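One structure is given here, and the rest of the page talks about it.
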Amino acid sequence: MHRSLFMIPAAILMAVTLSACGQANGQTQNKTLNVTLADEPATADPNKSTDTNSGSVISQTMEGLYTYSKSNKIIPGVATKIVKPTNHGKTYTFTLKKNAKWANGQQVTEQDFVTSLQRMANPKTKAQYASLLSAFKNYDAVQHGKMAPSKLGIKALSKTKLQIQLTKAVPYFNSLVASDYYPLNTATVKKYGAQYGTSAAKTMSDGPYKLVGWTGSNSSWHYVKNTHYWNAQNVKINNVKVSVTKDETTAANLFKSGKIQETTVSGQYVRSNGNEKQLKTHLLGRMSLLVFNSKQAKTSSENLRQAVSYVIDRNQLVNHVLGDGSKAATSAIPYGDQKNPQTGEDMTKEVGNLLPHDVTKAKAYWQKYLKETGKSKVTLNILTDDSDDDKHVGTYIQSVMEKNFKGLTVNITALPHAQHVARDFAEKFDINLIGWSTNWLDADDYLELAAKGNSVNFTNWNDTQYNQLLQSANAQTGIARYNGLIAADKYLMSVKGYVPVYQPSEAKLVSDKVGGLTYSLLNEAHYQYAYWK
């Protein structure tokens, strides 16, 4: 009886084995991956996205000319290859994959990119990050209504050939192509107009997943495999369920019970569970910073900005309040963001600490502020997200300010992320704790936050010397540009145009049953690379 088990003909045994493997793979592929997001997205429209939660949705469901590999390297997406520019770095000509398809089966064409970027540049769209196109030919004229959007430096050469013309070479242009220049399905945009992206039903995906079940206000939806995606055969998980889970204790409990396989947890969890094998931490290409409303007399003072900056003990904040691996800010530029083109040295290390903790100086600047304003008692409000980390950071800053600044009362307003962003752009705040995530590794992205006319200069701060330093730096290339950006950073920190606080680290619980989820300074994990072990 036992010997006969081993006497089954090899061909039959192989057939049985392959059949079992096929069933297992099919069952695994259909098994739902459950993940969380910290807050609701504001939109699924790439032209109008301004917040990290919307960006997360878009990055999983959309694909541009370039995309990111599992190891976070820029690789061809809809384009057939990574393009070498001509015309001294100012002209890019792309060929599109003929098998790149929208979720409805239509081919992704050059017109879909033209439609998207012209729409983004059109002032009527009110795209808050239209400045991402600022290097495009005729962008300024289009933005100011002096030229039609059709004059923007992007044109179709054929159904599968696209050309972009810039006014100057942009060192990080490939990163913009991979992260910000998404196509839009032309027919769908024409159908829904300004309502495009307000729900899953009014959105069209060309990426590995299509967005399903998002109404625009609900807290749970799905990413469902786009079977028309050109690389669909390599997408191993067909369905990803996303649930908004704002309370990280709840998220951790759901993870422990096996109901979710990936979630973000707080520094408190990290401190208590540092040896957890399924816990992964990584620095983000992000800076948390304080901006001050320059349109209000009581918050337009450099003395106030200096006082607040000096009173914050950033090392105490990251080590004892957050405790999740975040780094204390030392200038406007986070670690890992830019390297010296000659030596490879990190810019942040070269610049050194421009944001020391000094209570004596803080109190002196506070006294100058009181004298300047003619007040003995002041009430200020700090606006934050309602996330655990933001509330903890806001409470810490409130405590050190009230402790050291005589006559000061600090109130905190914590809002859901989308509402917070709306208040940012409406300029309804005294002091505002915001986070800025970059899509490319270049210091200019952080320095532009304080530049005149920048749509995300929420402070309305305007300094002629600073603007000139930044413009001069960006007129250069190589080491000259690098040194110019350092000069701008040092000046910005000397006058505290805004006040950087810390570079966040993100802590993730990732199930050991799931592989393929990798993280970097720039990117969350791409679920298209995930698989069940």
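Since the structure is predicted, the reported quantities are computational estimates derived from the model, not experimental observations.
Annotation: Lys97, atom NZ; neighbour count of heavy atoms from other residues, nucleotides and ligands within 6.0 Å is above 12. The neighbour count for Lys137 NZ, taken as heavy atoms of other residues, nucleotides or ligands under 6.0 Å away, does not exceed 12.
With sequence neighbours excluded, no residue forms a salt bridge (Lys or Arg N to Asp or Glu O under 4.0 Å) with Asp206. Partners of Trp102 by ring pair (Phe, Tyr, Trp, His ring centres under 6.0 Å), not counting sequence neighbours: none found. With sequence neighbours left out, Tyr335 forms a ring pair (Phe, Tyr, Trp, His ring centres under 6.0 Å) with no residue at all. For Asp442, the salt bridge (Lys or Arg N to Asp or Glu O under 4.0 Å) partners two or more places apart in sequence, or in a different chain, are Arg481. The ring pair (Phe, Tyr, Trp, His ring centres under 6.0 Å) search around Phe136 returns Tyr181, not counting sequence neighbours. Asp39 meets the salt bridge (Lys or Arg N to Asp or Glu O under 4.0 Å) test with Lys246; sequence neighbours excluded. Not counting sequence neighbours, the partners of Tyr466 by the ring pair (Phe, Tyr, Trp, His ring centres under 6.0 Å) test are Trp461. For Thr36, the side chain to side chain donor-acceptor pair (under 3.5 Å) partners are Thr263, not counting sequence neighbours. Listed by chain and residue number, Lys508 satisfy the salt bridge (Lys or Arg N to Asp or Glu O under 4.0 Å) test with Glu524 (two or more places apart in sequence, or in another chain).
If you look at Tyr129 and Trp436, their ring centroids are closer than 6.0 Å.
Side chains of Tyr482 and Gln476: no donor on one and acceptor on the other come within 3.5 Å. Residues Asp445 and Thr438 bring a donor and an acceptor atom of their side chains to less than 3.5 Å of each other. Side-chain contact annotation: Ser243 with Thr245, donor-acceptor N/O pair under 3.5 Å absent. A donor-acceptor contact under 3.5 angstrom links the side chains of Asn467 and Asn462, judged on distance only. Between the side chains of Gln106 and Asn185, a donor-acceptor pair is found at a separation under 3.5 Å.
No donor-acceptor pair under 3.5 Å is formed between the side chain of Thr125 and the backbone N or O of Ala127. A side-chain donor-acceptor contact under 3.5 Å links Asp489 to the backbone of Ala332. The backbone N or O of Phe429 sits nowhere less than 3.5 Å from a side-chain atom of Asn432 that would complete a donor-acceptor pair. Proximity of a side-chain donor or acceptor of Ser56 to a complementary backbone N or O of Asn53 within less than 3.5 Å is not detected. Asp386 places no side-chain N or O within 3.5 Å of a backbone atom of Ala414 that could act as its donor or acceptor partner. Judged by distance alone, with hydrogens and angles left aside, the side-chain atoms of Thr348 form a donor-acceptor pair with the main-chain N or O of Pro334 at under 3.5 Å. Remark: the backbone N or O of Lys428 is paired with a side-chain donor or acceptor of Arg423 at under 3.5 angstrom. Put simply, the side chain of Thr61 never gets that close to the backbone of Lys210: no donor and acceptor are under 3.5 Å apart.
Side-chain atoms of Phe113 and Leu96, non-hydrogen and from C-beta on, do get closer than 4.5 Å to each other. Residues Val114 and Leu162 meet the side-chain proximity criterion, which asks for heavy atoms closer than 4.5 Å. Side-chain contact between Val57 and Tyr223 is present, with at least one heavy-atom pair separated by less than 4.5 Å.
A pairwise comparison of heavy atoms in Trp440 and Ser175 identifies CB-CB, 3.3 Å as the closest pair. Annotation for Ser505 and Ser326: closest pair N-OG, 2.9 Å, computed over non-hydrogen atoms.
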- Check the pair Ser205, Asn226 against side chain to side chain donor-acceptor pair (under 3.5 Å), reporting the backbone distance first and the verdict last. CA-CA 8 Å; Ser205 304; Asn226 173 11; over 6 Å; no
- Query: Given the rule in the side chain to side chain donor-acceptor pair (under 3.5 Å) test, do Thr115 and Thr186 qualify, once you have shown the distances and angles that lead to the verdict?
  - Reply: CA-CA 6 Å; Thr115 295; Thr186 301; 3.0 Å; yes
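Here Met287 contributes atom CE and Ser331 contributes atom OG; the two are 6.0 Å apart, rounded to the nearest 0.5 Å. Between atom CG of residue Leu522 and atom OG of residue Ser59 there is a gap of 12.0 Å, rounded to the nearest 0.5 Å.
Using cut-offs of 30° and 60° on the angle between ring planes, the pair His282 and Tyr519 is parallel.
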Identify all side-chain donor-acceptor contacts of residues 73-92 below 3.5 Å with residues at least two apart in sequence or on another chain.
unit_1: Thr80; atom_1: OG1; unit_2: Thr95; atom_2: O; d: 3.4
unit_1: Asn87; atom_1: ND2; unit_2: Thr91; atom_2: OG1; d: 3.3

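Here salt bridge (charged side-chain N to carboxylate O under 4.0 Å, His left out) pairs that include residues 108-121, with residues two or more places apart or in two chains, are Asp45-Arg119. Applying the ring-ring contact (aromatic ring centres under 6.0 Å, His included) test to every pair with at least one member in residues 50-78, sequence neighbours left out, gives these pairs: Tyr66-Phe94.
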